[in-house]
Amino acid sequence: MDRARTAAFAGRCLLWAGLVVPGLCAVRLGLSEPRPVWQQAAGAGVLAAATALARRRPLAAFTLTAALCLADAPALFGLSYGPALAVFALLLGLRAERTGPAALGFAAVASAGTVPIALGGGDPVPPWLVMTGTLVFGCVLPWLGGRYWRQSRELTAAGRLRAARLEEEQRLAEERARLRERARIAQDMHDSLGHELSLLALRAGGLQVAPDLPERHRVAVAGLRAAAADATDRLHRIIGVLREDDDEPLPLASAGETVGQLVARAAGSGLPVRCSAGGRPPEPGGMAEQGRSHTCSHQPI
């Protein structure tokens with residue numbers, strides 16, 4: 001923070017020095033009328049005040065500089081403070097948000113310059129034309145340049161903001177696509193593996209209770225049934241991790257297959273199965289509800 005303030009103060013000092021140098025050089029080179037030291041110091045002080053006000057009150061800085069130019073030359077044209085007037089007009093266009101105050105400031109400067117020209121005697125047309133030309137080319141054109149610069153910066157900032165918003169929208173779209181892909185993977189795993197593992201465990205259970213199965217084979221089948229049940233539980237946990245809370249409920253049967261067709265397919269594999277809905281229609285739900293929605297029993301082979 002201190003470094004930024006120091007840099008801003010140094011910039012204002014450099015600007016003030018750059019605005020004072022033309023006046024000193026004009027006097028030294030004889031391009032301007034000689035002035036007392038106190039008058040040069042007063043002009044430097046006015047420029048210092050205008051430089052201090054240029055950031056927050058650019059119209060006040062421009063008005064002070066215009067008053068200094070009118071005091072130096074009623075026609076507003078002068079080599080001593082003319083560059084400073086153009087610079088503060090540029091800053092007025094760059095930093096002022098509205099154009100109305102600037103137009104009023106230009107009108108006030110023109111009026112203030114016209115009064116002494118009209119009351120000074122002689123032909124007022126030449127000095128008035130000089131003042132008008134100085135006001136147009138030394139004030140209005142730099143002000144328009146500042147307005148263009150301001151609008152260019154605003155457009156650049158708006159473009160960067162729009163690019164950032166587009167990147168954020170792209171990121172959100174990719175996130176939604178990723179979530180949809182996770183839901184699809186969970187659906188595919190449920191459809192392709194969940195029912196097959198459950199059916200495998202059911203077949204192993206039916207084979208385990210077969211009366212003609214030797215004891216050692218019965219133990220092996222029991223282990224196979226337990227492993228299938230564990231694999232089914234792990235699959236359910238994986239599907240739970242992949243799915244979101246607002247995803248559609250998983251179906252109770254494989255894709256394109258009803259519960260009745262699933263039972264018929266299990267019975268067709270050689271395992272007698274009976275399915276009971278408990279006296280109420282099945283309601284699709286999560287994986288925990290699937291085991292409670294239907295009660296399937298089997299008979300020994």
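Position 1 is the first residue of the sequence, and the numbers go up from there.
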**Q** To the nearest 0.5 Å, tell me how far Leu53 CG sits from Arg12 CZ.
**A**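 Here the interatomic distance stands at 10.5 Å.
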**Q** Show your working on salt bridge (charged side-chain N to carboxylate O under 4.0 Å, His left out) between Glu181 and Arg178 and close with a plain yes or no.
**A** CA-CA 5 Å; Glu181 182 66 16; Arg178 185 181 65 84; over 6 Å; no
**Q** Do the side chains of Glu175 and Arg171 get close enough for a salt bridge, i.e. N-O under 4.0 angstrom?
**A** no
**Q** For a 4.5 angstrom cut-off between non-hydrogen side-chain atoms, does Thr65 reach Val46?
**A** no
**Q** Should Cys139 and Leu85 count as side-chain neighbours, where that means a heavy-atom distance under 4.5 Å?
**A**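 In short, these two side chains touch, coming nearer than 4.5 Å.
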**Q** Which heavy atom in Phe88 sits nearest to a heavy atom in Ala61, and how many Å separate them?
**A** CD2-CB, 3.9 Å
**Q** Would a hydrophobic clustering, with Ile, Leu, Val, Met, Phe, Trp and Tyr connected at side-chain separations under 4.5 Å, put Phe137 with Phe62?
**A**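 Phe137 clusters together with Phe62.
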**Q** Does Arg147 have more than 12 heavy atoms from other residues, nucleotides or ligands lying within 6.0 Å of its CZ?
**A** yes
**Q** Look at the side-chain heavy atoms of Ile, Leu, Val, Met, Phe, Trp and Tyr, link any pair under 4.5 Å apart, and say whether Val125 and Ile117 land in one connected group.
**A** yes
**Q** Which of these passes side chain to side chain contact (heavy atoms under 4.5 Å, CB included) with Trp16: Leu14, Val20, Leu19?
**A** Val20
**Q** For Pro83 and Pro22, work out which heavy atoms get closest and say how close.
**A** CG-CB, 4.2 Å
**Q** Quick one: closest heavy-atom pair of Gly105 and Leu59, and the distance?
**A** CA-CD1, 4.4 Å
**Q** Quick check on the 6.0 Å ring-centre criterion: do Phe106 and Trp143 meet it?
**A**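 Here the rings of Trp143 and Phe106 have centres that are less than 6.0 Å from each other.
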**Q** Mind checking the CG-CG spacing from Leu90 to Leu141? Nearest 0.5 Å is all I need.
**A**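 So the gap between those two atoms works out to 11.5 Å.
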**Q** Taking all non-hydrogen atoms of both residues into account, name the closest pair between Leu15 and Thr51 and its distance.
**A**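 Nearest pair, atom of Leu15 first, then Thr51: CD2-CG2, 4.0 Å.
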**Q** Distance from Glu167 atom CD to Leu172 atom CG, nearest 0.5 Å?
**A**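 It comes to 12.0 Å.
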**Q** Between Pro58 and Ala96, what is the shortest heavy-atom contact and its length?
**A** CG-N, 4.2 Å
**Q** When rounded to the nearest 0.5 angstrom, what is the spacing between CG in Leu91 and CZ in Arg150?
**A** 12.5 Å
**Q** Output yes when a side-chain donor or acceptor of Ser152 lies under 3.5 Å from a complementary backbone atom of Tyr148, and no otherwise.
**A**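 Checking the backbone N and O of Tyr148 against the side chain of Ser152, no donor-acceptor pair under 3.5 Å is found.
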**Q** Given the rule that I, L, V, M, F, W and Y join up when any side-chain heavy atoms are under 4.5 Å apart, are Leu92 and Val136 in one cluster?
**A**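 Looking at the clustering, Val136 is in the same group as Leu92.
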**Q** Roughly how far, to the nearest 0.5 Å, is CZ of Arg153 from CG of Leu94?
**A** 5.0 Å
**Q** So, for Leu47 and Ala84, which heavy atoms are closest and what is the spacing to 0.1 Å?
**A**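 Nearest heavy atoms, Leu47 then Ala84: CD2-CB, 3.8 Å.
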**Q** Say you draw a straight line from CZ of Arg165 to CZ of Arg160; how long is it, rounded to the nearest 0.5 Å?
**A** 15.5 Å
